[in-house]
Amino acid sequence: LWSSISAQCEEGYLSAGGTVGYSTDLLAFLTPSSQHPVLGAIGGLPGYARDVFSLESLAYPGLLIASLSILGLADRWRQTWVWGALALLCSILSLGPVLNVGGSPVSVTIDGQRMHVALPYALVKSLPLIGVSRSPGRINETTFFALAVLAAFGFSALSRRLRGEWLSSALSVILAIGILFEMLVRWPLPLRNIEVSNVVQAIATENDTGALLHVPPFSKAKLKNIALHYQTVHERPLVGGWIHRSLPGAVPWEETFYRLVRTDQVKKDIISSPDLAQRRAWLRYLDVDYVILQKSRVADAV
């Protein structure tokens, strides 16, 4: 991990903003997904569900998991207290640097000074490596791992009290179905078309190794994902591509790449746009063999 830690100290761009927005809302621990297909249809969701729901900060354990976890802690405290402490610690850290309730940070007024309610994550946010992340809500992945262990202990304690193996089997099936129902985030799951165009397939059959320039540039995640999917087929370099986060100075270059292939060049400006021959020279310098235009996404991406 040293390369990541040292790079963070040298390059400030690795520190992302938006930590508060990607923290877990306190009410999210009590609220099912706002896109739950059944609860949403019967009106079983609270009005604030959409304000606290985020794929970055799913936190609802469900009544069954919570009950089994409490039973597991009570039945075998000496063996399970570490898992309980881990779940509690991670759930607190997932709340982020300030307390959010109902989709908004909570503030208090002390001696006429209005301030947000600070949480323990504010103390560790600036530590090396942790500061790279802007999503404290993802710490709940560890919370749920600990709850899964506690729930297993709880089910073990419950099954010991049942007489007959068939009762234990029936209970496991009922609990599995119930937990799946409570934890359901969305149904049906959205799928993306992964078909590859004939042009990309034809490029893949060539022996050249020149790069591809996608237009518009990867200003949105869906354009980036499509370009990376195509790359698994043609196996060519991508000019102007990025995987996670734009590097320093990348935005002006993205505009430069786009201007190289635009047909509506500005003719009268303080600095004249490059003519066709100059643009071709640029593309040859960048070793670009093909320019791929995402026609269906030009309007919402430029």
Side-chain angles (χ1 to χ4, degrees), residues 22-96 99-103 121 133 135-192:
Y22 287 101
S23 299
T24 300
D25 194 291
L26 183 62
L27 293 180
F29 289 102
L30 307 174
T31 311
S33 168
S34 62
Q35 299 180 16
H36 197 290
V38 178
L39 297 179
I42 64 176
L45 294 173
Y48 61 81
R50 293 188 179 276
D51 297 328
V52 304
F53 174 74
S54 170
L55 293 178
E56 299 280 354
S57 56
L58 291 173
Y60 181 63
L63 297 177
L64 294 176
I65 288 291
S67 300
L68 288 174
S69 299
I70 295 173
L71 179 59
L73 279 170
D75 183 67
R76 295 191 179 184
W77 170 252
R78 292 184 178 181
Q79 291 90 349
T80 59
W81 72 268
V82 174
W83 293 106
L86 178 64
L88 179 62
L89 173 63
C90 291
S91 60
I92 293 176
L93 291 177
S94 72
L95 295 174
L99 180 63
N100 287 275
V101 178
Y121 188 84
S133 174
S135 304
R138 294 178 181 175
I139 301 177
N140 274 323
E141 295 178 10
T142 306
T143 303
F144 278 89
F145 178 76
L147 290 179
V149 176
L150 292 175
F153 276 101
F155 175 77
S156 176
L158 189 61
S159 61
R160 288 198 309 268
R161 293 168 170 78
L162 298 177
R163 295 182 179 180
E165 185 177 347
W166 70 272
L167 285 176
S168 179
S169 300
L171 178 63
S172 64
V173 173
I174 294 174
L175 288 175
I177 295 176
I179 291 172
L180 178 63
F181 174 80
E182 284 192 303
M183 300 292 291
L184 192 60
V185 176
R186 181 177 181 180
W187 189 266
L189 296 178
L191 300 177
R192 174 175 289 168

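Note: hydrogens, waters and symmetry copies are ignored here, and every other heavy atom, side chains too, is used. Numbers here simply count residues along the sequence, with the first being 1.
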If you measure from [atom1] on [X] to [atom2] on [Y], what distance do you get to the nearest 0.5 Å?
| X | Y | atom1 | atom2 | result |
| --- | --- | --- | --- | --- |
| Ser172 | Ile177 | OG | CD1 | 9.5 Å |
| Leu158 | Arg160 | CG | CZ | 9.5 Å |
| Leu180 | Trp187 | CG | CH2 | 8.5 Å |
| Ile179 | Phe155 | CD1 | CZ | 9.5 Å |
| Ser135 | Glu141 | OG | CD | 10.0 Å |

Worksheet item: Counting heavy atoms not belonging to Phe181, are there more than 12 under 6.0 Å from its CZ?
Response: yes
For [Y], does its backbone N or O pair with a side-chain atom of [X] as donor and acceptor, under 3.5 Å?
| X | Y | value |
| --- | --- | --- |
| Thr31 | Leu27 | yes |
| Ser159 | Ser156 | yes |
| Arg161 | Ala157 | yes |
| His36 | Ala41 | no |
| Ser33 | Gln35 | yes |

Answer whether the closest heavy-atom distance between the side chains of [X] and [Y] falls below 4.5 Å.
| X | Y | result |
| --- | --- | --- |
| Met183 | Phe144 | yes |
| Tyr121 | Ile139 | yes |
| Leu93 | Pro136 | no |

Discussion item. Apply side-chain contact (heavy atoms from CB on, under 4.5 Å) to residues Leu73 and Ser69 and explain how you reach the verdict.
Written reply: CA-CA 6 Å; Leu73 279 170; Ser69 299; 5.7 Å; no
Discussion item. For Ser91 and Phe29: C-alpha separation, side-chain torsions, deciding distance, then whether side-chain contact (heavy atoms from CB on, under 4.5 Å) applies.
Written reply: CA-CA 9 Å; Ser91 60; Phe29 289 102; 3.8 Å; yes
Worksheet item: Hey, do the aromatic rings of Phe153 and Trp83 have their centres closer than 6.0 Å?
Response: no
Worksheet item: What's the verdict on side-chain contact (heavy atoms from CB on, under 4.5 Å) for Leu58 and Phe53, showing C-alpha distance, side-chain angles and the deciding distance?
Response: CA-CA 7 Å; Leu58 291 173; Phe53 174 74; 3.4 Å; yes
Over all heavy atoms of both residues, which pair between [X] and [Y] is shortest? Give the atoms and the distance, please.
| X | Y | result |
| --- | --- | --- |
| Ala87 | Thr143 | O-CG2, 3.6 Å |
| Gly72 | Thr80 | O-OG1, 3.5 Å |
| Leu95 | Asp25 | CD2-C, 4.3 Å |

Worksheet item: Are Asn140 and Thr24 close enough that a side-chain donor and a side-chain acceptor fall under 3.5 Å?
Response: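 A donor-acceptor contact under 3.5 Å links the two side chains.
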Worksheet item: Of Leu86, Thr142, Ile65, which is the lone residue that meets side-chain contact (heavy atoms from CB on, under 4.5 Å) with Leu147?
Response: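 It is Ile65, the one option of Leu86, Thr142, Ile65 that forms the side-chain contact (heavy atoms from CB on, under 4.5 Å) with Leu147.
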Practice prompt. Would you check, one step at a time, whether the test side-chain contact (heavy atoms from CB on, under 4.5 Å) holds for Glu182 with Tyr60?
Written response: CA-CA 9 Å; Glu182 284 192 303; Tyr60 181 63; 3.9 Å; yes
